[in-house]
Amino acid sequence: MTTRIFLAALMTGAALAACSEPVGDVDPAADETADAAMNDATETAMADDGSCAALYEGRGSDNPPMPFSDEALANTDTSRPEACDTSPEITGADMAWRIQTLASDEFAGRAPSTPGGRAASQWIADEFARMGLEPAGDDGTYFQRVPLVEATLDTSTAEVDITVDGTPMELEIGNDIVFWTKRLNGRQEIDASDLVFVGYGIVAPEYGWNDYEGLDMTGRTAVILVNDPGYATGDPDLFNGNAMTYYGRWTYKYEEAMRQGAAGAIVIHQTEPASYGWHVVAGSWQGAQYDLETETANDRAALEGWITEDVARELFAATGLDFDTLTAAAHERGFEAVPMDGAVLDAAFDTEINRLESRNVAGVVPGTQRPDEYVLYMAHWDHLGQTVTLNSADGIYNGAVDNATGTSAVMEIAEMMAGNPSERSALFVSVTLEESGLLGSAYFGEHPLVPLDQIVGGINMDGMLPTGPTSDVVVIGYGSSELEDILADAAAEQDRTLAPDPNPAAGYFYRSDHISLAKLGVPMLYADGGSTHVEYGAAFGEEIDGAYRARAYHNFDDEFSYNWDFDALARDARLMGDVGQRIANSSDWPNWYDGNEFRALRDAMMAGDGADAGDSGEE
């Protein structure tokens with residue numbers, strides 16, 4: 001059959017950010033079973049013969065539409081599926097059931113510290129228990145508490161604008177500007193803060209780069225380009241060439257503005273260098289924002305935010321500057337910051353602060369011979385929750401691809417490994433707060449449930465696209481560690497080869513949870529699937545990826561569809577399961593490649609030179 005068969009192949013062969021009220025402290029003892037009210041509300045019937053294969057029999061089209069096309073998006077399903085028995089093997093039907101469950105409206109977008117988020121994380125814990133994983137969290141539970149701060153801007157009273165020579169730009173929150181504060185010390189007021197264009201806002205001595213050279217930013221607001229000069233020029237000798245470095249990430253730019261003493265830090269959004277549209281900014285940075293509480297919170301700039309490129313161009317023109325000319329100048333070493341004469345930022349706003357808890361979910365399959373050595377699997381369970389909007393009937397960000405897919409794959413691998421334990425232990429951690437800046441994985445890194453020097457290596461799974469079967473396996477951060485050698489051997493058994501990230505400029509290596517462990521030295525692998533379809537080629541994969549980024553990523557259209565190729569997703573999960581089993585049944589300790597930025601950290605850790613290398617974070 002030459003038509004594009006997605007779920008049909010599987011079926012013939014065998015499926016509240018928004019809740020503004022905090023849920024308060026989490027009692028691990030109370031979480032041993034699912035919340036009674038949630039269970040009562042979600043009582044479901046079992047599939048006819050009990051299997052997930054039977055539940056999804058015949059639900060896909062023989063000629064399905066291209067994923068994320070108009071036709072596909074008109075035929076999604078956000079209901080919670082009936083209960084079914086999963087197989088001890090990794091199957092497409094099991095993947096479909098898990099993805100549909102996590103992406104259902106019942107979990108209301110899985111925002112941390114909301115009823116929907118609690119219910120989703122509880123369901124994962126219940127599944128870990130049902131599969132036979134042992135608890136690996138706090139106090140003999142499946143949960144690791146993650147204390148956090150929830151900050152919600154009061155947009156009804158917030159005032160913000162940029163004035164040029166006395167003329168206000170009349171910026172509209174959401175459409176022109178999105179902003180917040182990381183400070184926890186009450187009302188923020190900025191009075192006539194002078195704007196300064198600081199190029200990329202980077203201080204990188206190793207690259208001989210300092211955009212703040214000789215500049216006193218006290219009381220001033222930095223206007224900053226996204227990404228880094230290597231991306232902008234494509235020069236392989238500038239930063240990391242077309243591949244984004246950490247200096248290109250928005251997180252770094254706000255951190256550096258803090259170090260420079262700025263009153264405000266505004267990043268100019270541009271779709272190509274950011275790798276996502278304005279709708280992602282508006283959807284991700286409005287409503288409740290989460291952070292770990294730090295001692296430096298009140299040292300941050302009073303206002304952090306984004307403006308659209310159109311607003312930036314208008315601002316530059318109003319101050320007598322040429323946006324394109326200055327952007328080009330910022331690409332060059334030795335660029336000097338440019339005061340935006342006559343332009344000032346004024347802001348006054350209040351933020352509601354709540355101290356809450358979310359939780360990572362952790363289970364372990366003990367090793368049969370070396371139980372104190374661990375292979376780590378990681379995927380984030382959280383998403384953006386629910387909001388009041390005119391652009392969606394229910395305002396729920398279901399997050400089917402992001403990241404019901406990766407979480408489901410890790411759960412499938414866990415069930416497979418629970419039935420066939422390896423020599424080393426397998427630790428499965430489904431982390432929270434990825435969408436808020438990788439906070440759950442950062443907390444796990446700072447408070448590891450097992451000593452970091454006993455983690456042999458880790459695999460992160462995030463955002464598996466329904467591309468179908470591919471001849472390649474895309475490795476984010478290709479060329480980083482010896483884990484790729486193991487992946488290459490496993491991929492060869494599926495007649496697949498490794499391929500570098502086709503979009504290195506997006507900086508995905510620094511945008512998912514593996515980086516929280518990598519920057520501490522632990523070898524981590526981030527690879528979910530491929531981009532070159534075995535029948536339709538690379539252009540087909542590019543089309544799906546482009547449609548997802550443009551229409552569904554961090555948007556309301558990231559919803560479950562019966563027409564996805566779940567057999568192919570299961571194939572990818574089996575591959576990553578194979579990689580983990582190869583590591584877990586070996587005595588080898590794969591490391592970062594020589595010359596990698598994290599190699600020295602790992603070497604020091606394993607030599608016992610790292611102060612916290614063996615600290616499990618337990619009292």
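Below, all heavy atoms of this structure are taken into account, side chains as well, without hydrogens, waters or symmetry copies. Just so we're clear, the structure is a prediction, and the values are computed from it rather than from any experiment.
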Report the distance from atom [atom1] of [X] to atom [atom2] of [Y], rounding to the nearest 0.5 Å.
| X | Y | atom1 | atom2 | answer |
| --- | --- | --- | --- | --- |
| Ser516 | Leu439 | OG | CG | 8.5 Å |
| Tyr478 | Leu487 | OH | CG | 10.0 Å |
| His533 | Ile544 | NE2 | CD1 | 7.0 Å |
| Asp558 | Phe68 | CG | CZ | 6.0 Å |
| Glu272 | Glu309 | CD | CD | 10.5 Å |
| Arg602 | Leu520 | CZ | CG | 10.5 Å |

Mind listing the closest non-hydrogen atom pair of [X] and [Y] along with its distance?
| X | Y | answer |
| --- | --- | --- |
| Phe540 | Met66 | CE1-CE, 3.3 Å |
| Ser113 | Ser358 | OG-N, 3.6 Å |
| Pro112 | Asp382 | CG-CB, 4.0 Å |
| Arg300 | Arg183 | O-NE, 2.7 Å |
| Asn227 | Pro273 | ND2-O, 2.8 Å |
| Ala265 | Ile224 | CB-CD1, 4.3 Å |

Is a side-chain donor-acceptor pair under 3.5 Å present for [Y] with [X]?
| X | Y | value |
| --- | --- | --- |
| Tyr246 | Glu255 | yes |
| Ser156 | Asp154 | yes |
| Asn185 | Gln188 | yes |
| Asp216 | Thr218 | yes |
| Thr245 | Asp228 | yes |
| Asn460 | Ser512 | yes |
| Thr221 | Ser193 | yes |

Is the distance between the ring centroids of [X] and [Y] less than 6.0 Å?
| X | Y | result |
| --- | --- | --- |
| Trp209 | Phe239 | yes |
| Tyr254 | Trp180 | yes |
| Tyr553 | His279 | no |

Query - Residue list, side chain to side chain contact (heavy atoms under 4.5 Å, CB included) with Ser481, at least two apart or on another chain - result: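 Checked Ser481 against side chain to side chain contact (heavy atoms under 4.5 Å, CB included); matches are Leu483, Trp592.
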Does [X] come within less than 4.0 Å of [Y], counting only side-chain N to carboxylate O?
| X | Y | result |
| --- | --- | --- |
| Asp324 | Arg313 | yes |
| Lys253 | Glu256 | no |
| Asp299 | Lys182 | no |
| Arg187 | Asp350 | yes |

Is the closest side-chain heavy-atom distance between [X] and [Y] below 4.5 Å?
| X | Y | result |
| --- | --- | --- |
| Tyr443 | Leu148 | no |
| Ile266 | Trp306 | no |
| Val401 | Pro466 | yes |
| Asp545 | Glu542 | no |
| Glu434 | Asp462 | yes |
| Thr432 | His380 | no |
| Asp346 | Asp191 | yes |
| Met605 | Val522 | yes |

Test your reading of the model: is there a side-chain donor-acceptor pair from [X] to the backbone of [Y], 3.5 Å cut-off?
| X | Y | answer |
| --- | --- | --- |
| Asn403 | Met461 | yes |
| Glu543 | Ala539 | no |
| Arg599 | Asn591 | no |
| Asp472 | Thr532 | yes |
| Asp70 | Leu73 | no |
| Asn398 | Ala400 | no |
| Asp211 | Gly201 | yes |

Report task. Begin with the C-alpha distance, continue with both residues' side-chain angles, and end with the deciding distance and a verdict on side-chain contact (heavy atoms from CB on, under 4.5 Å) for Ser480 and Phe509. Result -> CA-CA 10 Å; Ser480 294; Phe509 188 77; 4.3 Å; yes
Requested in this report: Verify side-chain contact (heavy atoms from CB on, under 4.5 Å) between Val280 and Arg549, making sure each step is shown before the conclusion.
Outcome: CA-CA 9 Å; Val280 174; Arg549 300 291 165 193; over 6 Å; no
Query raised in the report: Looking at Val311, Val160, Leu345, which one forms a side-chain contact (heavy atoms from CB on, under 4.5 Å) with Leu171?
Result: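 Running side-chain contact (heavy atoms from CB on, under 4.5 Å) over Val311, Val160, Leu345 with Leu171 returns exactly one hit, Val311.
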Report task. Would you mind telling me which of Leu326, Asp194, Leu315, Val196 makes a side-chain contact (heavy atoms from CB on, under 4.5 Å) with Met340? Result ->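 For Met340, the side-chain contact (heavy atoms from CB on, under 4.5 Å) test succeeds with only one of Leu326, Asp194, Leu315, Val196, which is Leu315.
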Requested in this report: Check the pair Ile173, Val178 against side-chain contact (heavy atoms from CB on, under 4.5 Å), reporting the backbone distance first and the verdict last.
Outcome: CA-CA 6 Å; Ile173 297 174; Val178 170; 5.8 Å; no
Aromatic rings [X] and [Y]: how do their planes relate, parallel, tilted or perpendicular, breaks at 30° and 60°?
| X | Y | answer |
| --- | --- | --- |
| His554 | His383 | perpendicular |
| Tyr276 | Trp285 | tilted |
| Phe197 | Phe316 | perpendicular |

Could you pull out all donor-acceptor pairs under 3.5 Å where a side-chain atom in residues 330-339 meets a protein atom, sequence neighbours excluded?
residue, atom, partner, partner atom, Å
His331, NE2, Tyr200, OH, 3.3
His331, NE2, Thr327, O, 3.0
Arg333, NE, Tyr207, O, 3.1
Arg333, NE, Gly208, O, 3.4
Arg333, NH2, Tyr207, O, 3.0

Requested in this report: Determine, stepwise, if the pair Arg511 / Ser275 fulfils side-chain contact (heavy atoms from CB on, under 4.5 Å).
Outcome: CA-CA 11 Å; Arg511 289 170 55 180; Ser275 81; 2.6 Å; yes
